[in-house]
Amino acid sequence: RWLKDLAYHTQEPSPDERPEFARSSTLQAHKRNISYYMPLNKVQWDPINHRGNPTKADVVNKTIERVVQFELKGKGAHAQDARALEFAEFQNVIQQSRTKVMPREQEIYKYVHTAFRLIQYHLCARTDDIVLLDTDEIRRNKFGSIDIKLCASKNMYRKEDSYWQILFANMSPSLCPLLALGIYVSLFADGDLCKHENRIVKKSEKHKEPKLPGFFRLGRDKCYGKASLNYRFRMCVEKLGFEGRLSPHSIRKLSATEMQMNGCSREVSDQRGRWVQRHAHKASAVYYKEFLRKADFEAASALAGPLGIAQYKGAVTDEMAQKILPAAKNLLPGVAIEIAKACLWAFEDDDARKDLPLILCERIKQIEKVIVEKEKVIYVQDGKVAKILPDDGTAELGGNNRDEQIGALATNFQLFKRKYEADEETKFQRFKEQTKRMKLIHTAVSRGLSWKVTTAHPEKGQLLAGYWQRLPKEQLG
């Protein structure tokens with residue numbers, strides 16, 4: 001009755017009334033919230049003894065299903081969910097975020113907001129996930145890039161649910177996460193990106209976010225709150241004049257859509273977005289790895305956009321990197337080198353240099369000139385080994401892997417052939433059984449009909465019996 005009162009504003013709606021005050025998703029959320037606090041929340045509702053979880057009662061589910069039917073016909077409450085951004089729209093949002101959106105905002109806002117949204121897109125993350133990212137959750141990997149580990153994501157309940165995910169450089173400077181991180185780090189002085197050990201606090205009505213900042217911040221002890229991030233995103237979208245309802249969660253939806261459109265399987269996108277995977281509760285899950293690097297590479301490549309992934313190459317030392325990025329001393333070893341390479345390359349590129357802050361350009365001019373090149377690369381899985389090779393048309397799979405693929409293809413073909421032959425044999429046997437049964441039914445019916453007629457009319461019964469005996473066997477079945 002309470003759910004009906006939410007949707008219809010009456011506990012006993014008539015057939016003509018419409019659920020115009022609440023969506024089915026809202027009712028489902030209320031149902032889950034109430035179910036959590038039920039003492040017997042895992043027990044099915046018993047309507048006779050009134051025992052169990054009442055949210056699992058049939059009347060509750062039928063009420064929600066009826067609201068869904070009205071929504072399908074366009075007679076329910078208006079949808080309030082945000083749509084996914086298009087890829088071209090996301091590029092425009094990133095370009096808009098690099099400008100001064102609000103009249104009195106400081107220059108740091110446009111750099112931190114750009115880096116924040118790019119990391120969110122490439123990791124298919126929520127706003128909460130990136131807000132809680134800390135400085136010790138970014139590391140250098142052996143592929144000439146960096147890894148990020150989101151330890152405070154919403155769906156993480158076990159240690160195995162948190163893993164290092166790769167971030168590739170991008171051939172497009174405007175979408176390169178490494179370049180955006182390098183520009184953001186360059187705005188801080190030595191010690192400004194230190195980790196606050198006591199920053200995680202319990203949520204309350206007064207403090208819904210940590211008091212102390214994580215990796216993304218406006219100052220040493222100054223947070224960049226989720227409300228401010230979301231407001232600046234809405235201002236960017238409003239200035240661009242996009243149609244439809246959009247929210248920061250539209251970026252996460254865009255990431256999932258891009259992986260799907262680029263041929264990634266459901267398991268690959270689930271792992272990249274840290275969703276609870278469908279096979280996680282199966283008994284065989286204990287024998288499988290929780291994280292597959294191959295799937296992570298595939299997802300990261302799909303999210304790179306049409307220009308593909310890249311790799312920065314240059315003889316950059318840790319001393320050079322710390323001169324350009326003083327605040328990078330607080331990051332894990334090697335991270336400063338990778339993001340400094342991106343900044344040095346952008347300084348020599350005419351199109352990318354216009355997005356660099358003045359303080360970073362002045363630091364680069366003071367060090368010895370270093371040549372950094374950006375090379376387009378491609379991800380290749382050679383058997384069990386993941387490789388990053390130059391994308392110049394010469395990258396081929398190894399011979400062993402090619403033989404394995406040919407062998408697997410032949411094996412699959414043989415299995416398909418056997419299954420097809422077995423199906424044909426099964427169908428033929430079923431056809432024979434059905435034919436035999438039909439013959440038995442025809443014989444039983446003819447005998448029963450002859451017996452009844454003979455009992456009632458002996459003379460007609462003898463004639464009918466003779467008629468059945470003279471019929472060909474084909475007509476008898």
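What's counted below: heavy atoms across the whole structure, side chains too, no hydrogens, waters or symmetry copies. Bear in mind that the values here come from a model prediction, so they are computed numbers and not experimental data.
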Within 45° cone of [Y] ring axis and under 6.0 Å: [X] NZ or CZ:
X    : Y    : value
K56  : W45  : no
R252 : W275 : yes
R18  : F70  : no

[X] side chain to [Y] backbone, donor-acceptor under 3.5 Å:
X    : Y    : value
N33  : A29  : yes
D5   : R1   : no
K226 : D128 : no
H196 : D221 : no
E71  : S24  : yes
R272 : H122 : yes
D192 : A189 : yes
N170 : C176 : no
Q28  : S25  : no
S269 : M259 : no

Nearest heavy-atom pair of [X] and [Y]: which atoms, and what distance?
X    : Y    : answer
T127 : F116 : O-CZ, 3.6 Å
L240 : Q96  : CD2-OE1, 3.9 Å
L132 : E137 : O-OE1, 4.2 Å
A22  : L6   : CB-O, 3.6 Å
V335 : I138 : CG2-O, 3.5 Å
F90  : L85  : CD1-CD1, 4.3 Å

Give the ring-plane orientation class for Y184 versus F188, where under 30° counts as parallel, over 60° as perpendicular and anything between as tilted.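 The rings of Y184 and F188 stand perpendicular, inter-plane angle above 60°.
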What is the ring orientation for Y121 with F87, classed by angle as parallel under 30°, tilted 30 to 60°, or perpendicular over 60°?
->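 Y121 vs F87 ring planes: tilted.
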With a 4.5 Å cut-off on side-chain heavy atoms, are [Y] and [X] touching?
X    : Y    : answer
K31  : Y36  : no
R363 : I367 : no
R23  : H78  : no
R117 : P248 : yes
D355 : R98  : yes
T135 : R217 : yes
L150 : Y163 : no
L181 : F216 : yes

Item to complete: With side-chain hydrogen bond (donor to acceptor under 3.5 Å, both in side chains) as the test, would you mind laying out the steps for S174 and Q91 before giving the verdict?
Response: CA-CA 8 Å; S174 62; Q91 289 179 305; 5.2 Å; no
Please check if any side-chain donor atom of [X] sits under 3.5 Å from a side-chain acceptor atom of [Y], or the reverse.
X    : Y    : value
D147 : N141 : yes
N53  : S35  : yes
Q69  : R66  : no
D81  : H249 : no
N61  : E65  : no

More than 12 foreign heavy atoms under 6.0 Å from [atom1] of [X]: is that the case here?
X    : atom1 : answer
M102 : CE    : yes
Q95  : CD    : yes
R245 : CZ    : yes
K253 : NZ    : yes
Y231 : OH    : no
E105 : CD    : yes
E238 : CD    : no

Once rounded to the nearest 0.5 Å, what's the spacing between atom [atom1] of [X] and atom [atom2] of [Y]?
X    : Y    : atom1 : atom2 : result
T63  : D58  : OG1   : CG    : 10.5 Å
Q322 : D190 : CD    : CG    : 8.0 Å
L187 : L325 : CG    : CG    : 10.0 Å
D351 : S172 : CG    : OG    : 10.0 Å
R220 : N330 : CZ    : CG    : 8.0 Å
I94  : L175 : CD1   : CG    : 7.0 Å

Handout entry: F168-Y379 aromatic ring centre distance below 6.0 Å
Key =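 Not under 6.0 Å, so no.
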Regarding [X] and [Y], does a basic nitrogen lie under 4.0 Å from an acidic carboxylate oxygen?
X    : Y    : value
E373 : K313 : no
E107 : K100 : no
D270 : R266 : yes

_Given R274, K149, Q271, R293, the one that forms side chain to side chain donor-acceptor pair (under 3.5 Å) with Q165_ =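 Exactly one candidate clears the test, R274.
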Check: Do L331 and F215 pass the side chain to side chain contact (heavy atoms under 4.5 Å, CB included) test, and can you show the C-alpha distance, the side-chain angles, and the key distance before you say yes or no?
Finding: CA-CA 10 Å; L331 303 178; F215 176 72; 3.8 Å; yes
>> So, applying side chain to side chain contact (heavy atoms under 4.5 Å, CB included) with Y109, which one of L218, T114, L229 is it?
In response: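 Between Y109 and the candidates, side chain to side chain contact (heavy atoms under 4.5 Å, CB included) is satisfied uniquely by L218.
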